[in-house]
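The structure appears below as structure tokens.
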Amino acid sequence: EKEILKKLKFNSEIRKFSQLCVSFLNHFKSSECTFGELKNKSLKFDDSHRYQAFLKIFKIIFDNYEKKLKEENEIDFSDMINFATQNIKKNEKINFDEIIIDEFQDISLLRLKLVKSLIDNNENTSCYTVGDDWQSIFKFAGSRMDLFLNFGEKDKKLEKVIIPETYRFSNSIAEISQKFILKNPS
């Protein structure tokens, strides 16, 4: 065991695996999926045994993580958002005239549910979001471009306004970055 652990530490595999688990934990809590649903999804892949092996290991880590949070009477950031959303939906009457969200390109499903619960809580609330689809960098934390790109499509109360110009930097920098970014078909 010590020899294997030493080799893994030498290759920094433990750090990589830890980072993977933290990222997966954020996605898992954000998705509100169950382990059973994830296992069923994993069966669709050719190498499903690898996904299922990861889920077995992750379940042990997750259960211990949740147990530790409970013992310490603590919650994590995902729990904060989940609990706030549940409370608003259940019984909290919170009146906001306006909600302003910057960096909306980094919205996650969990955060979007919180925003929607605030909007649904008061029909007179206006919500303004600002984001740049060329700047999304937080996929590891659960952000999803489809939520940004499709925001408001099914809700007639929402209006999307696209600002086609940037004033952050010169045209020469914009042209160079545009060539690079437009290679992504999305």
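In this chain, residues are counted from 1 in sequence order.
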Pairwise distance OH(Tyr65) to NZ(Lys70) - rounded to 0.5 angstrom: 14.5 Å
Phe62 and Phe24: aromatic ring centres closer than 6.0 Å? no
If you group Ile, Leu, Val, Met, Phe, Trp and Tyr by side-chain heavy-atom gaps below 4.5 Å, do Leu25 and Leu69 land in one group? yes
For the residue pair Lys29 and Leu110, what are the closest heavy atoms and their distance? O-CD1, 4.0 Å
List the steps, then state whether ring-ring contact (aromatic ring centres under 6.0 Å, His included) holds for Phe28 with Phe35. CA-CA 9 Å; Phe28 179 69; Phe35 279 98; 4.6 Å; yes
Cluster question for you: counting only ILVMFWY and a side-chain heavy-atom cut-off of under 4.5 Å, with indirect links fine, are Leu114 and Met80 together? yes
Answer yes or no: does atom CZ of Phe77 have more than 12 heavy-atom neighbours from other residues, nucleotides or ligands under 6.0 Å? no
Are any non-hydrogen side-chain atoms of Ser108 and His27 less than 4.5 angstrom apart? no
Decide yes or no on side chain to side chain contact (heavy atoms under 4.5 Å, CB included) for Ser126 and Asp97, but give the supporting numbers first. CA-CA 6 Å; Ser126 297; Asp97 293 331; over 6 Å; no
Are Leu112 and Ile100 connected, step by step, through hydrophobic side chains (Ile, Leu, Val, Met, Phe, Trp, Tyr) whose heavy atoms are closer than 4.5 Å? no
Quick check for you: to the nearest 0.5 Å, what is the distance between Ile176 atom CD1 and Lys179 atom NZ? 7.5 Å
Would you say the side-chain atoms of Ser23 pair up with the backbone N or O of Leu20, donor to acceptor, closer than 3.5 Å? no
Quick one: does Asp76's side chain have a donor or acceptor within less than 3.5 Å of a partner on Asp79's backbone? yes
I'd like to know if Lys89 and Asp120 make a salt bridge, using a cut-off of under 4.0 Å between side-chain N and carboxylate O. no
OG1 on Thr85 to CG on Asn121, rounded to 0.5 Å: 11.5 Å
Note: Cys21 and Phe54 closest approach over all heavy atoms is SG-CE1, 4.2 Å
Test side chain to side chain contact (heavy atoms under 4.5 Å, CB included) applied to Gln52 and Leu43, step by step: CA-CA 8 Å; Gln52 290 177 35; Leu43 296 173; 2.7 Å; yes
Any chance CD of Glu3 has more than 12 other-residue heavy atoms, nucleotides or ligands included, within less than 6.0 Å? no
Any non-hydrogen side-chain atom of Ile99 less than 4.5 Å from a side-chain atom of Thr125? yes
Treating Ile, Leu, Val, Met, Phe, Trp and Tyr as nodes and any side-chain heavy-atom pair under 4.5 angstrom as an edge, say whether Phe58 and Tyr51 lie in one connected cluster. no
Looking at every non-hydrogen atom in both residues, tell me the closest pair between Ser48 and Ser42 and how far apart they are. CB-O, 2.8 Å
Any donor-acceptor pair under 3.5 Å linking the side chain of Glu37 with the backbone of Thr34? yes
Before accepting this row, confirm whether a basic side-chain N of the pair Lys67/Asp63 lies closer than 4.0 Å to the acidic partner's carboxylate O. no
Treating Ile, Leu, Val, Met, Phe, Trp and Tyr as nodes and any side-chain heavy-atom pair under 4.5 angstrom as an edge, say whether Ile101 and Val130 lie in one connected cluster. no
Rounded to the nearest 0.5 Å, the CD atom of Glu66 sits from the CD1 atom of Ile75 at a distance of 10.5 Å
I need the Lys59 NZ to Lys39 NZ distance, nearest 0.5 Å. 12.0 Å
Ile107 side, atom CD1; Lys113 side, atom NZ - distance, nearest 0.5 Å: 12.0 Å
Test your reading of the model: is there a side-chain donor-acceptor pair from Ser117 to the backbone of Ile88, 3.5 Å cut-off? no
